[in-house]
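Given the structure is predicted, the values throughout are model-derived calculations rather than measurements.
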Amino acid sequence: MTDGQAPTWAEQLDASAGFEVRPIPAGRKGAGEGKTMLFPSARMMHDEIRAIPEGQTVTPKELRAELARRHDASMTCPVTATIMLRIVAEAVNEAHAQGAPLTEVAPVWRVLDTKASALRKLTFDPGYLLAEREREREGRTD
């Protein structure tokens with residue numbers, strides 16, 4: 001990144017390594033005595049997505065639940081998770097546009113489907129990601 005330029009999506013992904021688990025404030029949905037909320041990093045989301053085996057999919061909600069479980073939290077912040085999922089998807093697209101094959105990027109299509117709210121916020125047409133999801137679902141190797 002040069003001075004005055006916005007960071008690339010890959011730079012944003014690399015910069016987002018920290019995470020927090022905090023008590024859920026009283027009055028907030030899901031609040032209760034001793035409940036905690038995970039605020040994930042993009043790197044955390046990226047690494048979790050990379051671990052999803054080919055041919056399997058998870059919903060963003062299932063991904064949030066697994067992250068919360070792994071970090072001893074009651075839940076994962078859905079807003080933060082959506083933002084971080086978008087950073088991962090944008091970094092994947094950026095890498096793919098620069099020539100990285102889909103086999104070398106985080107398989108974000110295993111999480112993003114047509115219902116995923118992060119999909120509507122992307123700066124690119126996610127058609128090829130959805131096509132890759134369908135290809136894997138059908139077990140095709142083309």
Side-chain angles (χ1 to χ4, degrees), residues 1-3 5-141:
M1 177 176 73
T2 60
D3 290 330
Q5 283 188 320
T8 66
W9 291 105
E11 289 169 338
Q12 290 181 57
L13 176 65
D14 289 341
S16 177
F19 67 92
E20 291 184 73
V21 176
R22 299 191 301 237
I24 300 173
R28 188 162 187 178
K29 184 178 180 181
E33 186 67 33
K35 292 206 174 185
T36 55
M37 184 179 293
L38 169 67
F39 294 84
S41 68
R43 178 56 61 190
M44 177 188 290
M45 299 284 285
H46 174 273
D47 293 347
E48 193 70 26
I49 291 167
R50 284 195 77 90
I52 301 169
E54 184 173 351
Q56 292 186 18
T57 60
V58 298
T59 66
K61 185 176 181 178
E62 291 167 336
L63 180 63
R64 291 193 315 268
E66 179 60 19
L67 286 169
R69 186 192 66 74
R70 286 182 191 247
H71 295 279
D72 295 321
S74 305
M75 64 185 298
T76 298
C77 177
V79 173
T80 303
T82 298
I83 293 166
M84 298 304 131
L85 184 55
R86 177 185 178 208
I87 291 171
V88 173
E90 295 282 2
V92 163
N93 181 64
E94 187 175 78
H96 185 61
Q98 293 171 358
L102 291 178
T103 55
E104 293 181 13
V105 297
V108 71
W109 55 87
R110 295 178 188 157
V111 179
L112 294 176
D113 63 13
T114 57
K115 297 176 190 170
S117 60
L119 205 65
R120 294 187 294 276
K121 303 199 184 299
L122 298 176
T123 61
F124 64 94
D125 178 358
Y128 76 96
L129 296 177
L130 296 173
E132 185 64 13
R133 180 182 179 92
E134 185 65 18
R135 185 198 64 75
E136 281 191 11
R137 187 185 70 76
E138 293 176 354
R140 296 191 332 254
T141 58

Original post:
Considering residues at least two apart in sequence or located in another chain, which fulfil the side-chain hydrogen bond (donor to acceptor under 3.5 Å, both in side chains) criterion with R64?
Top reply: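 For R64, no residue satisfies side-chain hydrogen bond (donor to acceptor under 3.5 Å, both in side chains) once neighbours in sequence are set aside.
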Subject >> With D113 via side-chain hydrogen bond (donor to acceptor under 3.5 Å, both in side chains) - residues at least two apart >> reply: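 By the side-chain hydrogen bond (donor to acceptor under 3.5 Å, both in side chains) rule, D113 matches no residue at all.
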Subject >> Heavy-atom side-chain proximity of W109 to R137 below 4.5 angstrom >> reply: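 No, their side chains stay 4.5 Å or more apart.
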Original post:
Given side chains that start at C-beta, do those of M75 and M37 come closer than 4.5 Å, heavy atoms only?
Top reply: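 They are in contact (side-chain heavy atoms under 4.5 Å apart), so the answer is yes.
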Subject >> Reported CD1-to-SG distance for the pair I24 and C77, which is rounded to 0.5 angstrom >> reply: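 Going from the CD1 atom of I24 to the SG atom of C77 covers 9.5 Å.
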I need the minimum non-hydrogen distance between [X] and [Y], along with the two atoms involved.
| X | Y | result |
| --- | --- | --- |
| W9 | E94 | N-OE2, 3.0 Å |
| A73 | T36 | CA-OG1, 3.2 Å |
| A89 | L112 | CB-CD1, 3.9 Å |
| A42 | S16 | N-OG, 2.7 Å |
| A91 | L13 | CB-CD2, 4.0 Å |
| V105 | A100 | CG1-CB, 4.1 Å |

Would you tabulate the side-chain donor-acceptor contacts of residues 43-53 under 3.5 Å, counting partners in other chains and residues two or more places apart, or write 'none'?
| from | atom 1 | to | atom 2 | distance (Å) |
| --- | --- | --- | --- | --- |
| R43 | NH1 | H46 | ND1 | 3.2 |
| R43 | NH2 | D14 | OD1 | 2.5 |
| E48 | OE1 | R70 | NE | 3.4 |
| E48 | OE2 | R70 | NE | 3.2 |
| E48 | OE2 | R70 | NH2 | 3.4 |
| R50 | NH1 | E104 | O | 3.4 |

**OP:** Among residues two or more places apart or on two chains, list those pairs meeting ring-ring contact (aromatic ring centres under 6.0 Å, His included) that have a residue in residues 66-98.
**Re:**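 As it turns out, the ring-ring contact (aromatic ring centres under 6.0 Å, His included) pairs with a partner in residues 66-98, which skip direct neighbours, are F19-H71, H96-Y128.
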Subject >> By salt bridge (Lys or Arg N to Asp or Glu O under 4.0 Å) - contacts of E136 (at least two apart) >> reply: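 For E136, the residues satisfying salt bridge (Lys or Arg N to Asp or Glu O under 4.0 Å) (neighbours in sequence not counted) are R110.
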Return all side-chain donor-acceptor pairs below 3.5 angstrom for residues 114-124, not counting sequence neighbours, or 'none' if the list is empty.
| from | atom 1 | to | atom 2 | distance (Å) |
| --- | --- | --- | --- | --- |
| T123 | OG1 | E90 | OE1 | 2.7 |
| T123 | OG1 | E90 | OE2 | 3.1 |

Original post:
side chain to side chain contact (heavy atoms under 4.5 Å, CB included) between V108 and L129: does it pass, once the steps are laid out?
Top reply: CA-CA 8 Å; V108 71; L129 296 177; 3.9 Å; yes
